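Proteins get letters first, then strands, A, B, ... in listed order; numbering begins at 1 in each. All values derive from a computational prediction rather than experimental measurement.
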Amino acid sequence: MEATIHRRWCRKLMTVRVRFSPAPTGYLHVGGARSALFNWLYARNRGGTFILRIEDTDADRSEPHLIEAIHDSLTWLGIDWDEEVRQSDRFDDYRALAADFVARDLAYYCGCTRDDLVGRVGENAGYDGHCRTLGLEPGEGRAIRFQTPDTGTIGWDDLVRDRVEFENSVLEDFIIVRSNGVPMFHLANAYDDAEMKISHVVRGEDLVNTTPRVLLLMAAMGVTELPTYAHLPLIVNEQRKKLSKRRDDVAVGDYRDKGYLPEAMRNYLLTLGWGPKDNIEIRPIGEIIEQFDLVDINKAPAFFDVKKLDHFNGEYIRMLSADDFVEASLPHVVDQFPAADTEVYARLAPFVQERVARFEEAPRFVDWILGDAPEPEEKDWRKVMGKDHVPSVLDAVIDRLPSTDWEPKALESLVLGVGQELEVKSQLPVRLALTGRRSGVPLFEPMVELSRDVVLRRLEQARGKL
RNA sequence: GCCCCCAUCGUCCAGCGGCCUAGGACGCCUGCCUUUCACGCAGGUAACACGGGUUCAAAUCCCGUUGGGGGUGCCA
């Protein structure tokens, strides 16, 4: 009870400020999206501030248009940010800090190249401190290194991994300003987290190793209120390796293009590393915000399972109103059938809605109405049309079609009636002749969108091929 | 090599010393619904990596082993 009250108090007193810090070196991928999501959820849960901080210190690899792309993906996912900063706007601050470190003998200029170092200590060793005591002046090819302690340990209480500790002796003197004068990520990171009063640093596990350096830097800055860290488990591929932009299909924008709903993506991403106590996975974002807490995050890496994403997406698609479904799926249909009649598609859409997991699947359910029927697969044709009764079924249907009312019920009783008379299943051959497929949306309701002539022609064509 | 981390069904999550003959979800399988497919519904399949402790009691705590991952850049 007391603990609960204490917690409540702390919640109120502590201002949560979190940040998502992507480097604009590529499109937003699912791993980054999940980091953003967890930060955002925590901020929203605590009534805190969610900041987007673009870490574009590496000018060679950062591309401005990618910042826009990150904005778009975040916005698409419904993740809104309260403040935005770019590290490239703050270089002077970082450089001033580095200069201060040098002045206080906490950092020094270093003229060693990678080759120099490898020549001295080999491939696998870190920096050997060669320039530590040389008292080098600034100059061409001189970077600034931060001097790490040789003894003792540094560690922190991680919200997801508990206590993490490093021996200072394994930390090499690392570069904080490149020889071209551009500050490095650790420096910018430490400065910004302190200056922006970041309360919780929530990021991927691949960054744990950089944390001791940032902590050292903050200590050197005299920061007393250190942020609380939470290192998220990685999202991995089928080989259990960290998702890679090169190897894996992970750009958030690609999922949008394939016809995933942002709500589904966001909901699915959430289940990677976190689960609600009551086991209900698919639920409104409000409930998720209410339940979310960093301390409940899992430690183990999670596999990005597109099959499960598809299931989530299907569920969300089915939750859409009929109109919303038409609106969302129409672009995918129009993409393949530019001349498609929207009214016709809207009448077909309800049948499509309960059959697709992604909007990109929509066209193939209606292609036989909006365009020509696809050529049937060889094995489907054999299996369906190879039966002895098929010619008589088709003949009977063709025979009676001209005098049938052009509405679903009449067409249904015509086709099924033929089947009953001949005591065979009559729908399949008609379906294959009309749609080119053995399965799909219901046959008779959509069928009336076709003209009597077209239906007759397709039927006769199939009959001719027997 | 060195440093850090992880380990419950094939996959994701629940479990935080007794409610566990381990629960939910995806997948897969079966049945119902339906003269297609799907949706829906009802079932089923399947896991505490291993070995030592601690304890009256361990999936839950400790140690080790094995396996896996991350890092080791003048990238972030």
Practice task
Starting from P on B/rU36, measure out to NZ on A/Lys425 and report it in whole angstrom.
Solution key: 6 Å
Practice task
Under 4.0 Å between any heavy atoms, over every strand shown, what does A/Gly141 touch: base, sugar-phosphate, or nothing? Just pick one.
Solution key: base
Exercise for the section: Provide, to the nearest angstrom, the distance between the CG atom belonging to A/Leu243 and the C1' atom belonging to B/rG69. Expected result: 13 Å
Practice task
Between B/rA7, B/rC5, B/rC12, spot the one nearest the side chain of A/Ala300, thanks.
Solution key: B/rA7
Handout entry: P-based separation of B/rC39 from B/rC28 [nearest Å]
Key = 10 Å
Exercise for the section: Please work out if A/Val441 contacts a base, only the sugar-phosphate, or nothing of the nucleic acid, heavy-atom cut-off 4.0 Å. Expected result: base
Practice task
Pick base, sugar-phosphate or nothing for A/Pro442, based on heavy-atom distances below 4.0 Å to the nucleic acid.
Solution key: base
Exercise for the section: Check whether any side-chain nitrogen or oxygen of A/Arg114 sits under 4.0 Å from OP1 or OP2 of B/rU72, and answer yes or no. Expected result: no
Practice task
Remember a base hit wins even if backbone is also touched, and classify A/Arg161 as base, sugar-phosphate or nothing at under 4.0 Å, heavy atoms.
Solution key: sugar-phosphate
Practice task
Using the P atom on both, measure B/rC6 against B/rA47 and round to a whole Å.
Solution key: 25 Å
Practice task
Let me know, please, whether A/Gln239 or A/Tyr268 comes out on the 5' side of the other along RNA chain B by nearest nucleotide.
Solution key: A/Tyr268
Practice task
Return no unless some side-chain N or O of A/Lys277 is found under 4.0 Å from OP1 or OP2 of B/rG15.
Solution key: yes
Handout entry: A/Thr57 side chain near B/rA76 phosphate (N/O to OP1/OP2, under 4.0 Å)
Key = yes
Exercise for the section: With heavy atoms under 4.0 Å as the rule, sort A/Phe365 into base, sugar-phosphate or nothing. Expected result: nothing
Handout entry: Pairing of A/Asp192 and A/Arg90 as salt bridge, 4.0 angstrom limit
Key = yes
Problem - Side chain of A/Glu354 - closest among B/rA76, B/rU36, B/rC39 - result: B/rC39
Exercise for the section: Report the distance from atom CG of A/Leu443 to atom P of B/rU34, rounded to the nearest whole Å. Expected result: 18 Å
Practice task
May I have the distance from A/Lys299 (atom NZ) to B/rU8 (atom P), rounded to whole angstrom?
Solution key: 13 Å
Completion exercise
From the candidates B/rG27, B/rC3, B/rC6, the one with an atom nearest any side-chain atom of A/Lys307 is B/rG27
Practice task
Using the C1' atom as the reference point in each nucleotide, state the distance between B/rC3 and B/rG10 in Å, no decimals.
Solution key: 32 Å
Fill in the blank from the handout: Closest to the side chain of A/Ser426, out of B/rC5, B/rA25, B/rU35, is B/rU35
Practice task
Considering just the side-chain nitrogens and oxygens of A/Lys242, establish if one lies under 4.0 Å of OP1 or OP2 belonging to B/rG71.
Solution key: yes
Problem - Nearest-nucleotide pick for A/Leu272, side chain only, options being B/rA76, B/rC12, B/rG27 - result: B/rC12
Practice task
Would you please classify the geometry between the A/Tyr27 ring and the A/His65 ring as parallel, tilted or perpendicular, with 30° and 60° separating the classes?
Solution key: perpendicular
Practice task
Calculate the interatomic distance between A/Ile288 atom CD1 and B/rC13 atom C1'; express it in whole Å.
Solution key: 13 Å
Problem - Ring geometry between A/His231 and A/Tyr229 (parallel below 30°, tilted from 30 to 60°, perpendicular above 60°) - result: parallel
Exercise for the section: May I ask you to check whether A/Asp150 and A/Ser169 show a side-chain donor-acceptor distance below 3.5 Å? Expected result: no
Practice task
Ignoring the backbone of A/Asn279, work out which of B/rG69, B/rU11, B/rA14 is nearest its side chain.
Solution key: B/rA14
Handout entry: Sugar-phosphate, base or nothing in reach of A/Glu412, heavy atoms under 4.0 Å
Key = nothing
Handout entry: B/rA14: pairing nucleotide in any strand, Watson-Crick or G-U under 3.5 angstrom
Key = none
Quiz: residues 359-377 of chain A side-chain donor-acceptor pairs under 3.5 angstrom, not counting sequence neighbours:
unit_1, atom_1, unit_2, atom_2, d
A/Glu360, OE2, A/Arg358, NH1, 2.6
A/Glu361, OE1, A/Ala357, N, 2.6
A/Glu361, OE1, A/Arg358, N, 3.3
A/Glu361, OE2, A/Arg358, NH2, 3.3
A/Asp367, OD1, A/Arg437, NH1, 3.2
A/Asp367, OD2, A/Arg437, NH1, 3.1
A/Asp367, OD2, A/Arg437, NH2, 3.1
A/Trp368, NE1, A/Phe365, O, 3.2
A/Glu375, OE2, A/Lys465, NZ, 3.3

Practice task
Using a heavy-atom cut-off of under 4.0 Å over every strand shown, decide if A/Thr271 touches base, sugar-phosphate, or nothing.
Solution key: sugar-phosphate
Handout entry: Electrostatic pair A/Arg53-A/Asp193, nearest N-O below 4.0 angstrom
Key = yes
Problem - B/rC74: pairing nucleotide in any strand, Watson-Crick or G-U under 3.5 angstrom - result: none
Exercise for the section: Taking only the side-chain heavy atoms of A/Arg178 (C-beta and beyond), determine which of B/rC12, B/rC75, B/rG27 contains the nearest atom. Expected result: B/rC75
Handout entry: First of A/Arg318 and A/Phe312 reached from the 5' end of RNA chain B, by closest nucleotide
Key = A/Phe312
Completion exercise
Scanning all shown strands, the Watson-Crick or wobble mate of B/rG64 with both distances under 3.5 Å is B/rC50
Practice task
May I ask you to say what A/Glu167 touches in the nucleic acid, namely base, sugar-phosphate or nothing, with a heavy-atom cut-off under 4.0 Å?
Solution key: nothing
Exercise for the section: For the residue pair A/Trp81 and A/Ile51, establish whether any side-chain heavy-atom pair is separated by less than 4.5 Å. Expected result: no
Handout entry: Donor-acceptor pair (no angle test) under 3.5 Å: A/Arg438 side chain, B/rU36 base
Key = no
Problem - Presence of A/Asn298 side-chain N/O under 4.0 Å of B/rA14 phosphate oxygens OP1/OP2 - result: yes
Problem - Sidechain N-carboxylate O distance under 4.0 Å for A/Arg142, A/Glu140 - result: no
Practice task
Considering only atom P, compute the distance from B/rU21 to B/rC62 and round it to an integer number of Å.
Solution key: 23 Å
Problem - Heavy-atom neighbours of A/Glu165 CD exceed 12 at 6.0 Å - result: yes
Exercise for the section: Would you mind reading off the distance between A/Asp278 atom CG and B/rC12 atom C1', rounded to a whole angstrom? Expected result: 16 Å
Completion exercise
Taking B/rC75, B/rC12, B/rG69 as options, the one with an atom nearest any side-chain atom of A/Arg240 is B/rC12
Problem - C1' gap between B/rG40 and B/rU60, integer Å - result: 38 Å
Handout entry: Under-3.5 Å donor-acceptor pair between A/Glu281 side chain and B/rG24 base
Key = yes
Fill in the blank from the handout: Under a 3.5 Å limit on both distances, the Watson-Crick or wobble mate of B/rU35 is none
Problem - Donor-acceptor pair present, A/Arg355 side chain and B/rC37 base, under 3.5 Å - result: yes
Practice task
Ignoring the backbone of A/Leu234, work out which of B/rC74, B/rA76, B/rG69 is nearest its side chain.
Solution key: B/rG69
Exercise for the section: Determine the contact category for A/Leu207: base if any of its heavy atoms lies under 4.0 Å from a base atom, sugar-phosphate if only primed atoms, P, OP1 or OP2 are that close, otherwise nothing. Expected result: base
Handout entry: Between P of B/rA7 and CD of A/Glu205, the distance in whole Å
Key = 10 Å
Handout entry: C1'-based separation of B/rG73 from B/rG15 [nearest Å]
Key = 42 Å
Practice task
Provide the distance between the two P atoms, one in B/rC29 and one in B/rC63, to the nearest whole Å.
Solution key: 44 Å
Handout entry: B/rG24 to B/rC61 separation - C1' atoms, rounded to the nearest Å
Key = 26 Å
Handout entry: Salt bridge A/Lys409-A/Glu412, side-chain N to carboxylate O under 4.0 Å
Key = yes
Completion exercise
Of the listed B/rC12, B/rA38, B/rA76, the closest approach to the A/Phe303 side chain comes from B/rC12
